[in-house]
Amino acid sequence: MTLYKIAPSILSADFAQLGIQVKKAIEHGADQIHIDVMDGRFVPNISMGALVVSALRPHTTLPLDVHLMIVEPERHIESFAKAGADIITVHLEASPNLHRTLQYIRDLGVKSGVAINPHTPADHIAEVLHMVDNIIVMTVNPGFGGQAFLPEMMPKVTLLRERLQGRNVDITVDGGIDDETIAVAKDAGANVFVAGSAIFNAPEGIGQALSRLKSAIG
Ligand code: DX5
Ligand code: ZN
């Protein structure tokens, strides 16, 4: 049985009320908290760092899922692990020594993940599938919340799900997830759904937005 998980991305939260908003998301059934780290180099924006992970850590037992959109991620992995990250995902495009980096994440006792940008073929991670707990198939170009979902990424999700041959590895879709696109991604084979603006900018509120996403995947 597939375990479906919703991962609210705090990138779209009100940072002045971060604790309150995360608490609301948890109360309304969030499965893990997605933390988008941007360095102004791999992507144009600068967002947040390990301090935010350590600030949230005492407030939840849910997995903290750290998405590193940074160059040279290996330089910062240890500080995110120490801050309390449960899953650390690095970008293939930022990792010339990806195999070593994934091993390093696991050696620190953290679940490892690899993310691929829209232009990157799924085949490019074939040789590391045995060493990841999470794969993020980007469904927007990384760097900003609120962009439109790219449906042409779905064949990559399906191909990766086949390649995993039933192994218990999360396939995460990240970007443009709302109560319509979530069903498309689920049908393609994804089981973790990151949603930022659809949750934190929803006019009906965080709780209602989460319930709608949950009911859209049954
Ligand atoms: C994009 C980030 C996403 C982002 C998603 O670079 O990796 O996690 O927060 O935001 P929405 O759900 O608004 O597309
Ligand atoms: Zn993300």
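For ligands, and for the atoms within them, numbers begin at 1 and follow the listed sequence. All values reported here derive from a predicted model rather than from experimental measurement.
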Checking distances from the Zn ion (ligand 2), one finds that the N, O or S atom of H67 closest to it is ND1
Mark yes or no for whether T181, through its side chain, and F149, through its backbone, hold a donor-acceptor pair below 3.5 Å. no
When the ring planes of F42 and H91 are compared, do they come out parallel, tilted or perpendicular, using 30° and 60° as the limits? tilted
Salt bridge or not between E74 and R100? Use side-chain N to carboxylate O under 4.0 Å. no
Which protein residues have a heavy atom closer than 4.0 Å to any atom of ligand 1, listed by chain and number? S9, L11, H34, D36, M38, H67, M69, M138, P142, G143, F144, G145, G146, D174, G175, G176, V194, A195, G196, S197
Considering the options R212, K214, K186, which one meets the salt bridge (Lys or Arg N to Asp or Glu O under 4.0 Å) requirement together with D179? R212
Once rounded to 10 degrees, what value does the angle at the Zn ion (ligand 2) take between OD2 (D174) and NE2 (H34)? 100°
Charged N-O contact under 4.0 Å between R57 and D86: yes
State the CG-CG distance between L3 and D170, to the nearest 0.5 angstrom. 7.5 Å
State the atom name: nearest N, O or S atom of D36 to the Zn ion (ligand 2). OD1
Without swapping roles, check the side chain of D31 against the backbone of I6 for a donor-acceptor pair under 3.5 Å. yes
